[in-house]
There are 2 protein chains.
Amino acid sequence: MLYTVGEIAKKLHVAPSTLRYYDKEGLLPFVERSDSGIRLFKDSDMEGLRVIECLKKTGMPIKDIKVFMELCQLGDSTIDERLALIDKQRKTVLEQQKQLQETLDTLNYKHWYYETAAQAGTCAVHDLLTAEDIPEDLRPAYQKLKKTED
Amino acid sequence: MLYTVGEIAKKLHVAPSTLRYYDKEGLLPFVERSDSGIRLFKDSDMEGLRVIECLKKTGMPIKDIKVFMELCQLGDSTIDERLALIDKQRKTVLEQQKQLQETLDTLNYKHWYYETAAQAGTCAVHDLLTAEDIPEDLRPAYQKLKKTED
DNA sequence: GCTTGACTTAAAGTTGACTTTAAGTTTTAT
DNA sequence: ATAAAACTTAAAGTCAACTTTAAGTCAAGC
C-alpha cells in the first residue's frame, strides 16, 4: 500500500508542508517517488516517521535527527553509532524529567502559597509563617525560591 | 543590597540582554531605577526572577508570564486569579511529564532494539523475533511504533 | 580629570521550525 | 475532455525568544 504526502500528514496529524519540509531537510531519505515525482510513502515508512516524532519530542534539532535517519539508511554498519545516539538522547530525557519534576515542585509550592493566601485574604499571611508552617514536602521548593546566595 | 543588571545576570546565568529584553516585554514590573536610569534589582526581586524562570520551564510564553507578573503587582485582589493560573500551568506540566515518559519508553525500546542488533551484528535479527521475544515492559512502545492503523 | 568598563535605548539581525505563496504539473472524478 | 483537487518546487514570510549593533551616558579606579 502506498500513500501520498497528504494521506500520511493526516495519519500523523501534521501539515503536508511539514512533511515536505522534513523531506527537504533530509529527514526522509526513505521516501520514494513516482515517475512523475510524487512522494510515495510505504507502510513501513510509518515507523521511521514515528521515530522522527519521538526524537522531536526529546527536543532534538532537525539537523541531528537527519544524522540519525541517514545512519538508519546506511545499514548494519551503523548500529553501534545509532545505539550511542539513542543512549545520549535517553540521558537528555532523564535530565528533562528531573528538571520538570523540580518545576512541578515549585508550582506545587506556589499552589499552596496562593491557597493559603486566598484563605487569609492576603499574601501578607506568609510574612507571619515560619518554615515549620510550610508542609514538609513543599519546603525544598520554598527554600530554593527564597535563597539569596549564588 | 542593590544589584545591576549584569550582577543579576551572573547570578541567574543568563545574558544581561535577556534581562533587558524581559524588562522591555513587561516581565519585570518590580525593578526600580536609579536617578540616572540604571536598573536596580533588590534582593527580594530574586524571587520574582525565579518565578519567571520556573514559568519559562513550563513552556509558558513570555506574554503569558507578563500577565502573571502584572497580577502579582496588583496585590491581594488577584490572588484567586494567580492561583488559577498556577493550577492551569501545573496541569500542563503533568501532561508534559506523561508525554516525556512515553518518549522515554520509546527510547528504551530502541535501546534494546539496537543492543540486540549489535549482539547479532544485524538489524535483521528483529525479523525473526516475535512479540514474546521482546521484554515485557518494552512491548507497549514496540506496538506503538509498529501500529499501522490511525 | 580621564579612561575603562558597565550601563542605557532603539533598531536590526539571528535561529529554528515551520507556513504561505506563486506558478506550475498530475491525478481523480464527472 | 475538462474541471477540481492534490501534488510539485523555490522562495519568501512568520513567530518566539533572544542577541547584536550603534550611539550614547554613567560610575569606578588611577
Side-chain angles (χ1 to χ4, degrees), chain A residues 1-42 45 48-69 89 92 96 99 103, chain B residues 1-42 45 48-69 89 92 96 99 103:
Chain A
M1 189 69 186
L2 296 171
Y3 310 90
T4 65
V5 75
E7 288 164 337
I8 293 292
K10 259 186 197 161
K11 285 197 198 211
L12 296 177
H13 309 110
V14 300
S17 61
T18 304
L19 292 178
R20 294 196 187 101
Y21 166 69
Y22 287 172
D23 195 9
K24 197 175 58 171
E25 295 301 310
L27 267 60
L28 315 179
F30 47 78
V31 290
E32 303 193 5
R33 300 284 187 128
S34 75
D35 290 349
S36 56
I38 286 175
R39 289 175 189 82
L40 296 176
F41 291 78
K42 303 173 287 301
D45 293 342
L49 291 164
R50 291 215 189 84
V51 169
I52 290 170
E53 191 184 18
C54 170
L55 292 178
K56 272 192 57 58
K57 281 177 183 164
T58 71
M60 186 184 271
I62 296 289
K63 290 190 181 194
D64 294 0
I65 298 176
K66 171 189 170 153
V67 170
F68 184 83
M69 299 314 287
Q89 214 54 24
T92 81
Q96 289 171 48
Q99 247 310 273
T103 301
Chain B
M1 190 66 187
L2 296 172
Y3 310 89
T4 65
V5 75
E7 289 164 338
I8 293 292
K10 260 184 197 164
K11 286 198 197 211
L12 296 178
H13 309 109
V14 300
S17 62
T18 304
L19 292 178
R20 295 197 187 101
Y21 166 69
Y22 287 173
D23 194 11
K24 198 176 58 172
E25 295 301 309
L27 267 59
L28 314 178
F30 47 78
V31 292
E32 304 192 4
R33 299 285 187 127
S34 75
D35 289 349
S36 54
I38 286 175
R39 288 175 189 82
L40 296 176
F41 291 78
K42 304 173 287 301
D45 292 342
L49 291 165
R50 292 215 189 82
V51 170
I52 290 170
E53 192 184 17
C54 171
L55 292 178
K56 271 192 56 59
K57 282 176 183 164
T58 71
M60 187 184 271
I62 296 289
K63 291 191 180 191
D64 294 2
I65 297 177
K66 170 188 171 153
V67 170
F68 184 82
M69 299 314 288
Q89 215 53 23
T92 82
Q96 288 171 49
Q99 247 309 272
T103 300

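Note: hydrogens, waters and symmetry copies are ignored here, and every other heavy atom, side chains too, is used. The sequence lines fix the lettering, A, B, ..., with proteins before strands; numbering per chain opens at 1.
Rounded to whole Å, atom P of D:dA11 lies 16 Å from atom OH of A:Y21. If you measure from atom CD1 of B:I62 to atom P of D:dT19, you get 11 Å, rounded to the nearest angstrom. Distance, A:F41 CZ to D:dA6 C1': 14 Å, rounded to whole Å. Rounded to a whole Å, the CG atom of B:L28 is 15 Å from the C1' atom of C:dT8. If you take CD1 of B:I65 and P of D:dA16, they are 13 Å apart, rounded to a whole angstrom. Atom pair B:L19:CG and C:dT8:C1' shows a separation of 14 Å (rounding to whole Å applied). Between B:D35 atom CG and D:dA27 atom C1' there is a gap of 14 Å when expressed in whole angstrom units.
Salt-bridge annotation for A:D23 and A:R20: absent, with no side-chain N of the basic residue lying under 4.0 Å from a carboxylate O of the acidic one.
Environment of NZ in A:K42: crowded, with over 12 heavy atoms of neighbouring residues, nucleotides or ligands closer than 6.0 Å.
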Inset, instruction - Could you give me the CA-CA distance, side-chain angles and deciding distance for B:V5 and B:F41, then say whether side chain to side chain contact (heavy atoms under 4.5 Å, CB included) is met? - result: CA-CA 7 Å; B:V5 75; B:F41 291 78; 4.1 Å; yes
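The CG atom of B:D45 sits 9.0 Å away from atom CG of B:L2, with the distance rounded to the nearest 0.5 Å.
Counting non-hydrogen atoms under 4.0 angstrom, B:S17 reaches a base of the nucleic acid. Within the nucleic acid shown, B:R20 comes within 4.0 Å of at least one base atom, counting heavy atoms only. Within 4.0 Å (heavy atoms only), A:P61 reaches sugar-phosphate atoms of the nucleic acid but no base atom.
Judged by closest nucleotide on DNA chain D, B:K56 is the one of B:S36 and B:K56 placed further toward the 5' end. With DNA chain C read from its 5' end, the first of the two nearest nucleotides for A:I38 and A:A15 is the one closest to A:A15.
Within the 3.5 Å criterion, the main-chain N or O of A:V14 finds no donor-acceptor partner in the side chain of A:T18.
Side-chain nitrogen and oxygen atoms of A:T18 include at least one within less than 4.0 Å of the OP1 or OP2 phosphate oxygen of C:dT19. Between B:R33 and D:dC26 there is no side-chain N or O to OP1 or OP2 distance below 4.0 Å.
Minimum atom distance to the side chain of A:R39 is reached by D:dT9, of the listed D:dA27, D:dT9, C:dC7. Residue A:T4 has its side chain nearest to D:dC7 when only C:dA17, D:dC7, C:dT27 are considered.
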